[in-house]
*Asks:* 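Quick one: the structure is below, and I'll ask about it shortly.
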Amino acid sequence: MRIGVLTGGGDAPGLNGVIRAIVRSATLKYGWTVIGIFDGFEGLLGKKNTKELKPWNTRGILSRGGTILGTTNRGNPFAVKVREKGKPTEKDLSDAAIGNIRKLRLDALVVIGGDGSLAIANRLFRKGVPVVGVPKTIDNDLSETHVTFGFTTAVETATEALDKLHTTAESHHRVMVVEVMGRYAGWIALEAGIAGSADVILIPEIPYGMDRVCRKIAERKQAHCCSSIVVVAEGARPLRGKMAVIERDPSGYAIRFSGAAAAVGDGIRQQTGMDVRVTVLGHVQRGGSPCAADRILATQYGVKAVELVFRKRFGHMVSYKPPEITSVPIGKAVRKIKLVDPDSEMVRAAESIGVSFGR
Ligand code: F6P
């Protein structure tokens, strides 16, 4: 057997752990050949960009962030940006990609990606490519899996930043507004906010009232807590307001956010008169070494992906349904994203200890 592996979409800590586990289990357990495809689906288009992966050339990567295969969140073989007669347009080059998969003599393709890459993987599967998916995203917004690798590391990184901001906020009696990633989902904000003892957590799933946020900060000031920490998910939006989206893909799906925390910071400054500073954590949350939990999850996901290939469970994605690592049809997993339930126990627990969600 020859299996291809690619990483697509935004990187996440743990990608290298999945690659390493795939290579080790495919070669050591089954005696297969593993071909790494560079830069996501782009490596299957144009000039093919591949390399045979072996245990010796994937050694020492478990603790490394990023992906040794490179990635892109723009390369979709079903909608490749080209110029025709001088004008930019999109072309379906999926048949060319499938032709290259055949030329590479791949018996299976493992796609490690988030909802976008897995949706592409599913379309390739429907066109006859034997595909297996591995869920990845720091946003933790993939349904049909309890958690994606990379999420826990991102929460750790954001929590560490909040711990640091507490001390400077206290010293200067300031309000620190911190923006974290997550797109449409508030998982990073919610979990880092709780772990980093935030006073206010604003998530896309619970539109906030600016007056309620400010009331919370004013109450704290009255109680002689002159500093506050406000965690804002990049997709958080005010009641009757919009998400701070600055770029969408052709289907209307938001791919870049900017300005959610700045808007909250301005509102707090205007309504309370307090000294406010805004920190946007950005891609720091995606970088660096995966935490132990993500290394373990990545290893289990990689091993399971190879097992799915062995059992010919094509069109399926590895899924973590505690305590089991199992699989689900990719089509089912990409149908809808997983959002925070505003009435979940985690949200209620946070509210019970005085955290405001601005509602
Ligand atoms: O999906 C992961 C993610 O980091 C989001 O949280 C964020 O909105 C987006 O990717 C950023 O994408 P880019 O790397 O293209 O700036």
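Only heavy atoms go into these numbers, but all of them, side chains included; no hydrogens, no water, no symmetry mates. Throughout, residue positions are numbered sequentially from 1 according to the sequence presented. Keep in mind it's a predicted model, so treat the numbers as computed, not measured. Atoms within each ligand, like the ligands themselves, are counted from 1 in listed order.
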*Asks:* Under the 4.5 Å side-chain heavy-atom rule for ILVMFWY, direct or indirect, which residues accompany V82?
*Replies:*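 Besides V82, the cluster holds L45, V80, L93.
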*Asks:* Just jot down the side-chain contact (heavy atoms from CB on, under 4.5 Å) partners of V355, sequence neighbours excluded, or say none.
*Replies:* I201, A350, I353, F357
*Asks:* Taking the six-membered ring for Trp, are Y184 and Y253 parallel (under 30°), tilted (30 to 60°) or perpendicular (over 60°)?
*Replies:* tilted
*Asks:* Out of curiosity, D343 CG to E351 CD, how far, rounded to the nearest 0.5 Å?
*Replies:* 8.5 Å
*Asks:* Got a second to check how far R295's CZ is from T153's OG1, nearest 0.5 Å?
*Replies:*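 Spacing of CZ (R295) from OG1 (T153) equals 8.5 Å.
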*Asks:* Output the set of protein residues with a heavy-atom contact under 4.0 Å to ligand 1, ordered first by chain identifier and then by residue number.
*Replies:* N73, I138, D139, M181, G182, R183, E234, H283, R286
*Asks:* Check ring pair (Phe, Tyr, Trp, His ring centres under 6.0 Å) between F78 and all other residues, then give those that pass, not counting sequence neighbours.
*Replies:* none
